[in-house]
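Below is one structure, written out as structure tokens; the observations come after it.
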Amino acid sequence: MSFYDLLRKYGDFDFEDFFRRVAEDQIKRIISKHRLGALDYLALLSPRAEGQIEEMALRAHRLTVQHFGRVILLYTPLYLSDHCVNHCLYCGFRAQNKVERKKLTPARVEEEARIIAATGLKHILVLTGESRKESPVSYIRECVEILKKYFTSISIEVYPLEEDEYRELISAGVDGLTIYQEVYDEAVYAELHPAGPKRNYRFRLEAPERACRAGIRTVNVGALLGLHDWRTEAFFTGLHAEYLQDTFPEVEVSISPPRMRPQLGGFQPRVRVSDRNLVQYMLAFRLFMPRAGITISTRESAEMRDHLVKLGATRMSAGSCTSVGGRTGRDSSGQFEISDERSVAEMARVIYSQGYQPVFKDWQYI
Amino acid sequence: MADILKIGGRDLTSRLFLGTGKFSSNRLIPEVVKASGAQVVTVALRRVDMDFQEENIAAYVPGECVLMPNTSGARNAEEAVRIARLARAAGCGNWVKIEVIKDNRYLLPDNQETVRATEILAAEGFVVLPYMSPDLITAKKLAEAGAAAVMPLGSPIGSNRGLKTKELIRILIDEIPLPIIVDAGIGRPSEAAEAMEMGAAAVLVNTAIATAEDPVAMGRAFGLAVEAGRAAYLAGMPEAAEYARASSPLTGFLRD
């Protein structure tokens, strides 16, 4: 059974009604429960649970320290190419945006790699837009082979691939996959992705499963917050993570709760996701899956990220740049504007000052 | 006579092994080692970063300690073997704690793959300390495979739930002619003492020390508890009586 089949079971689930029926006592019981079920998680995502956010935070903090220790893993994104054939209404890289497109040559990849490696980072996340012509798997592979000289862990955030293609990249040195479904609601997904290969909802949804079957070590899933009701999207993200963990117990599963940022094209979020909402989501997820990772990118502000260190976060990006070749000077427009612009060294200092250890290396190619 | 634990040609006077994964700073490691008296320190190879000395966890393990790399992240025997070889090649010595984990929900070890990895690595001259779910047959296979010690879990890693597998560990202590080192799950010094009173050769602690409010003080507390538990074991623990006994109701009639 694929995750798609599981998701369909919630096709006619009445979320409004469920949220209305959640009682305060029920939340209290769930917070102290040993193992939460899917509907417990949903209850923690309810408006009613907001009243017990501090209790949730205390338990989430304790669980995170217990399972992960006082450490935050640092990584940084590297954009290889912004050529894209998709028409995602909310994305700065969408095909209709008439901007000059760029793609790093192998020499430029090496140059960027050197600059990043000098900061001490060992985990890198490589990104491309979706263009099988401009950034085919062979190109990604070529880049991975260069990056392997500088980094001990390479994750990819690229268009969904076939299982054999994942296998090819894993054998080249990739150990992690990040892929956001963007929107789990299938109808809204169709609306926001009017053209391009990304229209294929199911092919994207099942990408993490294909990567797991191909032997990937870590997968990170998420919904882009701001596109649709965050409570149900957070619920489906959690279900997705749980499905992957249950089906592929050897894989390290994590989620990202990315909130929309201003981007070229000026798409306005359809739903406002407040700081309180984001925190509630993270805490509910931590209680639901105590050992799963939570990744927080520089989409969040410095102040917010500093607080999130103690609220369940386990991985953070640092020294980020969302444009192709941005680190080597010849700047172009990025996928979105980042919010926390602190350097890797500054982030490390701040994490230390919170009584946490910034970890630069937590995997190596074996 | 000194109470020495012999493993892999080393004479250890401390029976507390220290894990390092969860500290708020690597700088705490030497302080905790000092306060606790630990002489064996395990470090995940995945965290060892020879290119970045300032953040290299292995560089914080005092030179007089045995550095015991572990294979955290290995999903099968082959990966554990590769990690062990990489660790040795990186200069981390020839001790290895095998961890083969295929279950990220509870982090429970895969005993079968652990036996396979032990066979291969012991044959290559490693001092192999396998982390395992306490099971007599597996422990026997590990002993046959050449393990230097056997490391059963007290409860799942990081759970601080204590010696939930006590009865199974007791069987290993009674039946396996190797040091039995309780690894994982020990949440408080009294539980470490309890393991030692039972006759465990040593205990390995990470979470309970690293995530304490004052890890150095907690390290000291664990060091003392392990010593006390060991001393009690050596002193010959009296069996606990199940009921009070006033006289001899069954044999009191025997007069001659």
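By convention in this document, chain letters (A, B, ...) are assigned in the order of the sequence lines, proteins followed by strands, and residues within each chain are numbered from 1. Predicted model, so just to flag it, every value in this text is computed and none were measured.
Rounding to the nearest 0.5 Å gives a distance of 11.5 Å between CZ of R85(B) and CD1 of I366(A). Considering CZ of R46(B) and CG of D362(A), their distance stands at 4.0 Å, rounded to 0.5 Å. Taking CZ from F52(B) and CG from L121(A), the interatomic distance works out to 8.5 Å, rounded to the nearest 0.5 Å. Residue Q357(A) holds its CD atom at 4.0 Å from CG of N26(B), rounded to the nearest 0.5 Å. Distance OH/Y356(A) to OG/S25(B): 14.0 Å, rounded to 0.5 Å.
Taking all atoms of both residues into account, the shortest heavy-atom contact from S24(B) to G355(A) is CB-O, 2.9 Å. Heavy atoms only, all atoms of each residue included: I216(A) and R75(B) are closest at O-NH1, 3.2 Å. Heavy atoms only, all atoms of each residue included: L86(B) and Y365(A) are closest at CD1-O, 4.0 Å.
Proximity to chain A involves both the backbone and the side chain of T211(B), based on heavy atoms less than 4.5 angstrom apart. Heavy atoms of E55(B) lying under 4.5 Å from chain A belong exclusively to its side chain. With a threshold of 4.5 angstrom between heavy atoms, A212(B) approaches chain A through N, CA, C or O but not through any side-chain atom. Proximity to chain A (any heavy atom under 4.5 Å) is restricted, for R27(B), to the side chain, taken from C-beta onward. Residue F248(A): no heavy atom, backbone or side chain, is found under 4.5 Å from chain B. With a threshold of 4.5 angstrom between heavy atoms, R35(A) approaches chain B through side-chain atoms but not through N, CA, C or O. Proximity to chain A is absent for every atom of D110(B), based on heavy atoms less than 4.5 angstrom apart. Both the backbone and the side chain of L45(B) come within contact range of chain A, each with at least one heavy atom under 4.5 Å from a heavy atom of that chain. Using a 4.5 Å cut-off between heavy atoms, V65(A) touches chain B through backbone and side chain atoms alike. Using a 4.5 Å cut-off between heavy atoms, V251(A) contacts chain B through its backbone alone, with no side-chain atom that close.
Side-chain contact check for L28(B) versus R70(A): every heavy-atom pair is 4.5 Å or farther apart.
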List the steps, then state whether side chain to side chain contact (heavy atoms under 4.5 Å, CB included) holds for K122(A) with D49(B). CA-CA 9 Å; K122(A) 286 289 193 300; D49(B) 189 353; 3.3 Å; yes
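The choice from Q364(A), R217(A), Q245(A), Q354(A) that makes the most heavy-atom pairs within less than 4.5 Å of chain B is R217(A).
Between the side chain of N104(B) and the backbone N or O of P249(A) there is at least one donor-acceptor pair closer than 3.5 Å. Between the side chain of K361(A) and the backbone N or O of V48(B) there is at least one donor-acceptor pair closer than 3.5 Å. Side chain of K22(B) to backbone of F68(A): no donor-acceptor contact under 3.5 angstrom is found. A donor-acceptor pair under 3.5 Å is formed between the side chain of R291(A) and the backbone N or O of R105(B).
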